[in-house]
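Reckoned from all heavy atoms, side chains included, excluding hydrogens, waters and symmetry mates.
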Amino acid sequence: MKIAIVGATGLVGKKMLDILEERNFSIKKIVPIASKKSEGNLINFRGEKHRVISLENSMNEEFDIALFSAGAGVSSKWAPQFSSKGIYVIDNSSAWRMSDDVKLIIPEINGDILTSTDRIIANPNCSTIQMLMVLAPLHRHFKIRRIIVSTYQSVTGTGKDAIDQLNNEKNNIKGSMTYPHPIFQNALPQCDIFLENGYTKEEMKLVNETHKILSDKSIKVSATAVRIPVFGGHGESVNIELEEKTNHEEIKEILTDTYGVVVQDNPEKSIYPMPIHAEGKDEVFVGRIREDFSKENSFNLWIVSDNLRKGAATNTIQIAEHMIKNSLIVK
């Protein structure tokens with residue numbers, strides 16, 4: 001395949017390049033694309049240097065798949081132009097996620113709905129991906145009525161400027177502020193902007209994307225998203241109410257058998273998921289699985305994943321792999 005990485009110099013773009021190497025993705029040609037200010041920079045990939053080109057100049061290139069991670073504005077403008085040339089676009093931004101004619105895909109959950117006519121495919125929000133990797137199999141078995149989720153999100157989800165802010169504050173260096181408040185030794189109950197309903201965009205993504213991916217708008221979802229000063233990944237405290245009767249041991253057994261999910265649940269030995277251990281891994285980790293004694297047939301779970309990998313770059317590449325494996329790329 002001839003692959004373009006749009007946003008190749010960003011955190012997720014760089015991670016995509018790393019993961020393409022790790023997974024030995026079959027590539028005939030790689031085209032790194034970024035903004036004009038990055039044009040001409042060199043990107044290392046599989047021991048060779050590749051020159052970054054701008055989006056404008058990329059239209060003269062030929063490739064089969066374009067992996068986008070350059071923000072919603074860029075995707076809104078350029079994804080249709082790429083797809084009109086017959087290129088399959090897999091977009092990591094929020095631009096197309098809730099479009100009726102664009103599929104929102106976590107391959108392990110709903111990859112089977114993809115067809116060769118899907119020229120723009122949306123990658124879900126990082127917090128949604130890790131939550132549904134755990135909850136989708138439980139929904140299939142017991143049907144989830146309600147989800148209450150509180151997230152504890154890494155600064156890497158915001159980008160390089162947020163990482164710089166945390167490092168500057170940690171080292172007592174004065175610098176620009178990405179967040180409205182200090183993040184070092186702090187927790188900010190704001191991820192993205194606030195909406196008229198009092199929730200943030202990040203919180204509503206968890207609601208709306210869950211309904212779309214699981215094809216079930218009857219699930220009640222309430223979310224609170226919090227930014228914390230860590231690098232390794234996102235954590236989520238999730239409470240679910242089920243329709244069918246079960247127990248925490250059966251839930252643990254189902255999740256143990258779920259591909260892409262790792263159960264780490266031995267509280268007596270202080271074994272549970274943590275961002276520091278999830279960093280650099282593609283699996284979604286779940287632990288602290290226990291019954292909620294305040295409400296019948298309800299359970300608590302703690303879910304952690306590297307938001308730059310399964311929450312973004314890895315899931316995007318897995319969509320491409322799924323398309324190729326199932327002969328859905330039509331040249």
Side-chain angles (χ1 to χ4, degrees), residues 5 7 10-25 67-69 90-94 97 103-112 114 121-139 149 151-159 191 202 205-206 209-210 212-214 223 225 228 230-238 255-265 272-287 301-325:
I5 308 292
L11 284 181
V12 175
K14 290 177 180 177
K15 193 63 66 176
M16 285 179 181
L17 290 163
D18 291 342
I19 294 168
L20 287 169
E21 284 204 50
E22 291 172 20
R23 296 172 78 90
N24 199 26
F25 196 100
L67 308 178
F68 270 66
S69 188
I90 306 172
D91 181 42
N92 195 53
S93 80
S94 61
R97 289 174 185 159
K103 291 168 184 173
L104 186 62
I105 299 296
I106 303 172
E108 297 92 335
I109 298 172
N110 63 343
D112 60 316
L114 288 170
I121 303 163
N123 196 63
N125 182 47
C126 49
S127 299
T128 306
I129 290 174
Q130 69 182 70
M131 183 176 78
L132 293 190
M133 280 291 293
V134 172
L135 297 193
L138 302 183
H139 185 57
V149 52
T151 72
Y152 302 76
Q153 297 186 212
S154 164
V155 294
T156 58
T158 306
C191 294
E202 184 81 4
K205 288 173 188 176
L206 281 157
E209 293 178 20
T210 293
K212 183 170 181 177
I213 293 166
L214 297 183
I228 60 172
V230 300
F231 296 111
H234 294 348
E236 296 175 339
S237 173
V238 181
L255 294 177
T256 298
D257 292 336
T258 299
Y259 178 79
V261 173
V262 175
V263 175
Q264 295 180 326
D265 196 354
Y272 33 69
M274 293 182 290
I276 198 170
H277 292 152
E279 186 175 13
K281 300 180 177 69
D282 288 323
E283 296 84 2
V284 175
F285 301 89
V286 60
L301 309 97
W302 172 247
I303 302 168
V304 175
S305 184
D306 185 325
N307 54 291
L308 293 182
R309 291 186 68 97
K310 182 55 182 171
T314 300
N315 197 76
T316 304
I317 290 165
Q318 286 175 321
I319 294 171
E321 290 173 338
H322 177 91
M323 297 286 287
I324 294 166
K325 180 182 178 182

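- When side chains are defined from C-beta on, R309 does not count as touching I317, because their heavy atoms never get closer than 4.5 Å.
- Of the options I105, L67, I19, a side chain to side chain contact (heavy atoms under 4.5 Å, CB included) to T316 is made by L67 and by none of the others.
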query = Would I90 and M16 count as a side chain to side chain contact (heavy atoms under 4.5 Å, CB included) if you check the C-alpha gap in whole Å, the side-chain angles of each, and the deciding distance to 0.1 Å?
reply = CA-CA 12 Å; I90 306 172; M16 285 179 181; over 6 Å; no
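- Scored by the side chain to side chain contact (heavy atoms under 4.5 Å, CB included) test, Q264 finds V262, I271, P273, F285 as partners (sequence neighbours excluded).
- With a 4.5 Å cut-off on side-chain heavy atoms, S127 and K205 do not count as touching.
- Contact annotation: the side chain of L255 approaches that of L301 to within less than 4.5 Å [non-hydrogen atoms, C-beta and beyond].
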With a cut-off of 3.5 Å and sequence neighbours excluded, list every side-chain donor-acceptor pair involving residues 129-137.
| unit_1 | atom_1 | unit_2 | atom_2 | d |
| --- | --- | --- | --- | --- |
| Q130 | NE2 | H234 | O | 3.1 |
| Q130 | NE2 | I303 | O | 3.3 |

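- Annotation: side chain of L308 is in contact with side chain of V12 (closest heavy-atom distance under 4.5 Å).
- Contact of the T210 side chain with the H139 side chain is not registered, since no non-hydrogen atoms from C-beta on lie closer than 4.5 Å.
- Rounded to the nearest 0.5 Å, atoms CD1 (I121) and NZ (K103) are 8.5 Å apart.
- A donor-acceptor distance shorter than 3.5 angstrom exists from the side chain of H322 to the backbone of G111, with no hydrogens or angles considered.
- Under the side-chain hydrogen bond (donor to acceptor under 3.5 Å, both in side chains) rule, S154 has a single partner from T158, T151, T156, which is T156.
- Heavy atoms only, all atoms of each residue included: V284 and S305 are closest at CG2-OG, 3.8 Å.
- Under the ring pair (Phe, Tyr, Trp, His ring centres under 6.0 Å) criterion, F25 pairs with no residue, sequence neighbours left out.
- A pairwise comparison of heavy atoms in E202 and N125 identifies OE2-ND2, 2.9 Å as the closest pair.
- The minimum heavy-atom distance linking Y259 with E108 is given by the pair CD2-CG, 3.9 Å.
- Remark: the backbone N or O of N92 is paired with a side-chain donor or acceptor of R97 at under 3.5 angstrom.
- When atom types are taken as modelled, the side chain of N123 and the backbone of A313 share no donor-acceptor pair closer than 3.5 angstrom.
- Using a 4.5 Å cut-off on side-chain heavy atoms (C-beta onward), Q153 and N307 make no contact.
- Using a 4.5 Å heavy-atom threshold, the side chains of L114 and I319 count as touching.
- Across every non-hydrogen atom of I106 and P124, the tightest pair is CG1-CG, 3.7 Å.
- Here the straight-line distance linking atom CD of E279 with atom NZ of K281 works out to 8.5 Å at 0.5 Å rounding.
- Of the inter-residue distances, the one linking L17 atom CG with K15 atom NZ reads 11.0 Å to the nearest 0.5 angstrom.
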